[in-house]
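Worksheet for the structure shown next.
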There are 2 protein chains.
Amino acid sequence: MPSEAPARCAACAARNRALCAGLADRELAALHAIGRRRVLSAGQVLTWAGDPAIVCGNLVSGLLKVARQEADGRTQIVGLLFPGDFAGDPFDTRATDTIAALTEADLCIYPREALARTLEQHPAAERLLLRRTLATLTAARRALPMLAHARAEARVAAFLLDMAYRAEVSGDRPFVLPLSRGAMAEALGLAIETVSRHITGFRDDGLIALSGLRGIRLLDRVALARRSG
Amino acid sequence: MPSEAPARCAACAARNRALCAGLADRELAALHAIGRRRVLSAGQVLTWAGDPAIVCGNLVSGLLKVARQEADGRTQIVGLLFPGDFAGDPFDTRATDTIAALTEADLCIYPREALARTLEQHPAAERLLLRRTLATLTAARRALPMLAHARAEARVAAFLLDMAYRAEVSGDRPFVLPLSRGAMAEALGLAIETVSRHITGFRDDGLIALSGLRGIRLLDRVALARRSG
DNA sequence: CGTCGCCTTGAGTGCACTCAATTATTGTGG
DNA sequence: CCACAATAATTGAGTGCACTCAAGGCGACG
């Protein structure tokens, strides 16, 4: 039965968050027909900015960065992709961003052109992508005031709170930051040293506890929230 | 004939740039049936952030700003809307941004809910909105590195070049900046004084000529481009 | 002619940057 | 398992840029 939800999709960890969520079996089968799984190890690149755009994909697990190279050689992260998020632009023949894995990442990837054709034949899928893109736009715009005005302390505090939220960690339970200090600096538009200074500052003030390079516990979310605004 | 392109649309200045462009007469008639014209004078607000989202619209002439209020009371412009651009989010019941006119502006506005229903019935229109939204996302992300890293001089230079491009002005022909210094500061994430200082700096260096508060000529685009990045 | 809004110019300060050195952690081979 | 190397993070010192605060100029408009 071609209209049944494919077994791979039914078992997918991102099944209920990705573009696939809410699609009828018919649309899901159409997507499944052109998709395949791919694992990226940390640091590997999915698309290079400027190169012809070959693939798009749904992130199943792990963390991707969407980044741009600046004239002075620095890198600015313009988006972080979490499980369920969509990577790439089905209608752009040339990639505008470099998309790379910050951790080991599991993706369901689609050839860009085939995906574009499939979307044209399945308005329900296209509608989902539209809503998702509108949400992504809102997220990008939320980051604008942060990068434009907020002081370094506020950026770091807000980022830590956001990471805890995304890791679905409540209270002061420990969790692992999926980004290095360098990646955080790229995302927050700061120098590595500045990120480091404020993180150790928070630790010295008793707002957080650190263990190893990536382990962290938020001891005082209220104080962190106060410093984030 | 209900499937004819309505006369108002045929005469519209934004007919070939707005969401309407490329729509078949049938879709155009559906949009026309729920749309009406509205003129905003400079400073008037179309939507307030946080209020229920009532309307969306296509900008026909003039300039709108899409702005967010920060915790410290400052305003950050997260998008500028030029003729043909789409304002609002048809699927969001609450406005996330304050949208206001920077100049007198002419819009074709649609009740949000009716527009959402119309889009669901007309996949071609929805597809156009998707492509437009993807382009807007790219534009927002292009602004991110600017606000995160670029020095004030680079931001102002890039902005002036962009304004000339949007005004479709070539060479050193004079044109009118549609924004006040204050609005430019809100868009560039700078203080008014900083914008003013760099503009007069460019004038003193012979890169631009000013006439009145809004009039400007770009005398040396190459030098401006050099200073923009 | 005076007022109001917008813009310009000046002085001084603070924050985040760069450069530089040290420490901590992770990974690898003996 | 330990020593070592390589990478990542921290810490320190000094500087520059854009900010705030403040005053003055310029035009538009009544």
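The sequence lines fix the lettering, A, B, ..., with proteins before strands; numbering per chain opens at 1. Not measured: the values here are computed from a predicted model. Just the heavy atoms: all of them, side chains too, but no hydrogens, waters or symmetry mates, feed the values below.
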Taking the nucleotide of DNA chain C with the nearest heavy atom to each, does B/S180 or A/A191 sit closer to the 5' end?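 So the residue in question is B/S180.
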
Hey, are [X] and [Y] close enough for a salt bridge, meaning a charged N less than 4.0 Å from a carboxylate O?
X: A/R227; Y: A/D205; value: yes
X: A/R151; Y: B/D72; value: no
X: B/R132; Y: B/D85; value: yes

Are OP1 or OP2 of C/dC15 and a side-chain N or O of A/H198 less than 4.0 angstrom apart?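 Checking A/H198 against C/dC15: no side-chain N or O falls below 4.0 Å of OP1 or OP2.
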
Nearest-neighbour nucleotide for the [X] side chain, [options] considered:
X: B/R74; options: D/dC19, D/dT11, C/dA16; result: D/dC19
X: B/T194; options: D/dT10, C/dT8, D/dC19; result: D/dC19
X: B/S196; options: C/dT18, C/dT8, D/dA9; result: C/dT8
X: B/R197; options: C/dA11, D/dA18, C/dC17; result: C/dA11

Looking across every strand, which nucleic acid part, if any, lies under 4.0 Å from [X] by heavy atom: base, sugar-phosphate, or nothing?
X: A/G189; value: sugar-phosphate
X: B/L190; value: sugar-phosphate
X: B/G182; value: sugar-phosphate

Shortest non-hydrogen contact between A/L177 and A/L160, atoms and distance: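 Answer, listing the atom of A/L177 first, then A/L160: CD2-CD2, 4.1 Å.
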
Separation of [N] [atom2] from [X] [atom1] (nearest whole Å):
X: A/L147; N: D/dA18; atom1: CG; atom2: C1'; value: 17 Å
X: B/E186; N: C/dC6; atom1: CD; atom2: P; value: 12 Å
X: B/L213; N: C/dC4; atom1: CG; atom2: C1'; value: 14 Å
X: A/I192; N: C/dC17; atom1: CD1; atom2: P; value: 11 Å
X: A/L210; N: D/dA8; atom1: CG; atom2: C1'; value: 14 Å
X: B/M146; N: D/dA18; atom1: CE; atom2: P; value: 12 Å
X: B/D204; N: C/dT8; atom1: CG; atom2: P; value: 11 Å
X: A/E153; N: C/dA16; atom1: CD; atom2: P; value: 8 Å

Taking N and O atoms by type only, does the side chain of B/E193 place a donor or acceptor under 3.5 Å from a partner on the base of D/dC21?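 Such a pair is found, so the answer is yes.
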
Under a 3.5 Å distance rule, please check whether B/S228 uses its side chain to pair with a backbone N or O of B/A157 as donor and acceptor.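 Absent.
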
